[in-house]
Amino acid sequence: MSAVLAERSVRPQGGTTPSIAVVLLGTGVVGGALLKLLNTSAAGSLRLVGVANSRWQQTDSVRLSQRNLREHLNQHGDPRDNASLLAALDASGSAVKVIIDASASAALAAHHPEWLARGYHVVTANKALAGGDLVGWRALQAALAHGAHYGDSATVGAGLPVLSTLRRLRVCGDALLTLEGVFSGSLSWLFNQYDGSRPFSALLREARQLGYTEPDPRSDLSGEDVARKLLIIGRHAGFSISSEEVVVESLVPEALRGIGSEAFLARLEELDAPLAVRHTEAASRGNVLRFLARLNQRGHARVGLVEVAATHPAARLYGTDNQFALSTTRYNTQPLVIQGPGAGPEVTAQALLGDVLALKA
Ligand SMILES: NC(=O)c1ccc[n+]([C@@H]2O[C@H](COP(=O)([O-])OP(=O)(O)OC[C@H]3O[C@@H](n4cnc5c(N)ncnc54)[C@H](OP(=O)(O)O)[C@@H]3O)[C@@H](O)[C@H]2O)c1
């Protein structure tokens, strides 16, 4: 069979009831890639009944089937209103109604428990709820008791099978003992490249140009995104960790934290000296620097720059690879290691689609 997926339209098919109706929130890098996937045969009988960005939304079936949906949204969309998106799901007649959150909005994530409790399935790349404060995590667990599903594969490792593996292990009575790894594609790339031959700021500029970092790279360098992923995995493993309990080492110097984005980008060279010192010290011992997330058996969680031996698994990563090393009661002599590209719009969008299609089964 051809690996090329046939193009199809997400246009409603003659008023038939779709087996899965979806609303997509967020049409940025990931949401845009998902819209492309929805136009392939992989999307099956899934039907898009609403799309929204932060300001505009669309539920008109003809406009939803237009090619430049993202651009049209800004020109012809209606003002944002979650209630009419939910009404579009209800009007679809489908038994499986799904809200896909491809934003990073904490305000939107705060609605996930309410939507689940009302019977809508939620599939998300947004980490703000499960990786936010413990109150939100607990509200999520309570809402899941109502029976709707929460597709969260895209929140960690851009769809690498980390959370699904952890769930399988736990169902079999296994338990996570320790967790260690590189959870950020951008920080992985930066430290895989950083060998002292080029200043860190030059690598950071290149990573930004390649689209590996957020527009403001402090979102990556602060370690907060890695901390959210550590919280999500740790909580899935049964550790009740609050955000405040994760020790986070930011790579952004104090003086560069409160300034505007443009000012920060103009002062990237200020990152160089402190990192060069740490690199030189590590290299003198034959070691390398890696930005690691760690959770130990007592639930102590830390995110930050660590010196590791050249033989350490994290020292042998490539590109934007993520790595998750799970030691469990049954994987205790050698950890179970999951590794691969942990960022990128196509794989993340695929993780979202995979979670949606799993609802059909
Ligand atoms: N990029 C990756 O490789 C990757 C990998 C794994 C996970 N993720 C996660 O995926 C999510 C999206 O990432 P991205 O790179 O696509 O971000 P992005 O390009 O900044 O897109 C975010 C989108 O969310 C929209 N949005 C914000 N608030 C909203 C609201 N209240 N209602 C509806 N839409 C809203 C934005 O609207 P406007 O267009 O109006 O601003 C934008 O379209 C994030 O949580 C990110 O952490 C990304």
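Because only heavy atoms are used, hydrogens play no part in the values below, and waters and symmetry mates are left out as well, while side chains stay in. Whatever order the structure lists them in is the order used to number ligands and atoms, beginning at 1.
You'll find the ring centres of Trp56 and His72 outside the 6.0 Å limit. Checked against the 6.0 Å centroid criterion, the rings of Phe191 and Phe200 qualify as a close aromatic pair.
If you check which protein heavy atom lies closest to atom 48 (C) of ligand 1, you get Val30 CG2, 3.6 Å. Looking only at protein heavy atoms, the nearest one to atom 46 (C) of ligand 1 is Lys127 NZ, 4.1 Å. Protein heavy atom closest to atom 34 (N) of ligand 1, with residue, atom name and distance, is Asn53 C, 3.2 Å. Among protein heavy atoms, atom 43 (O) of ligand 1 sits closest to Thr27 N, 3.0 Å. Considering only non-hydrogen protein atoms, atom 17 (O) of ligand 1 sits nearest to Val29 N, 4.5 Å. When only non-hydrogen protein atoms are considered, atom 29 (C) of ligand 1 lies nearest to Ser54 CA, 3.6 Å.
Per-atom contact check: atom 1 (N) of ligand 1 touches the protein, criterion being a heavy-atom distance below 4.0 Å. Within a 4.0 Å radius of atom 20 (O) of ligand 1, the protein contributes no heavy atom.
For ligand 1, the polar-atom distance check finds no N/O of Ala343 at less than 3.5 Å from any of the ligand's N/O atoms. Of the polar atoms of Arg80, at least one N or O is found under 3.5 Å from an N or O of ligand 1, judged by distance alone. Polar contact check, Gly28 against ligand 1: a nitrogen or oxygen pair lies under 3.5 Å apart. Distances between N or O atoms of Ala158 and those of ligand 1 include no value under 3.5 Å.
A salt bridge between Glu249 and Arg302 is present, with a side-chain N of the basic residue lying under 4.0 Å from a carboxylate O of the acidic one. Ionic pairing of Arg198 and Glu206 is present here: one or more N-O contacts between side-chain nitrogen and carboxylate oxygen are shorter than 4.0 angstrom.
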Step-by-step ring-ring contact (aromatic ring centres under 6.0 Å, His included) determination, Trp137 to His236:
CA-CA 10 Å; Trp137 168 259; His236 271 92; 5.3 Å; yes
Could you please spell out the steps behind the salt bridge (charged side-chain N to carboxylate O under 4.0 Å, His left out) verdict for Glu281 and Arg278?
CA-CA 5 Å; Glu281 283 174 5; Arg278 291 181 73 171; over 6 Å; no
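For the atom pair Leu265 CG and Leu256 CG, the distance stands at 10.5 Å (nearest 0.5 Å).
Of all atoms in ligand 1, listed by their number and element, those nearer than 4.0 Å to a heavy atom of Asn126 are 45 (O). Numbered from 1 in the order shown, with element, the atoms of ligand 1 that lie under 4.0 Å from a heavy atom of Ser105 read 28 (N). Listed by number with element, the atoms of ligand 1 under 4.0 Å from a non-hydrogen atom of Leu108 are 30 (C), 31 (N), 32 (N), 33 (C).
Gln57 does not count as a contact of ligand 1, since none of its heavy atoms falls under 4.0 Å from the ligand. Taking 4.0 Å as the cut-off, Ala102 counts as a neighbour of ligand 1 on heavy-atom distance.
Side-chain N or O atoms of Asn296 include none that pairs as donor or acceptor with a backbone N or O of Ala301 at under 3.5 Å. Looking at Gln58, its side chain does come within 3.5 Å of a backbone N or O of Asp60 through a donor-acceptor pair.
When non-hydrogen atoms are compared, ligand 1 lies under 4.0 Å from the backbone of Ala154 (N, CA, C, O) but not from its side chain. In Thr348, the part holding a heavy atom less than 4.0 Å from any atom of ligand 1 is the side chain.
The closest side-chain donor-acceptor pair between Ser219 and Glu224, if any, does not fall under 3.5 angstrom.
Applying the salt bridge (charged side-chain N to carboxylate O under 4.0 Å, His left out) test between Asp152 and each of Arg167, Lys229, Arg228, Arg235 identifies Arg167 as the sole match.
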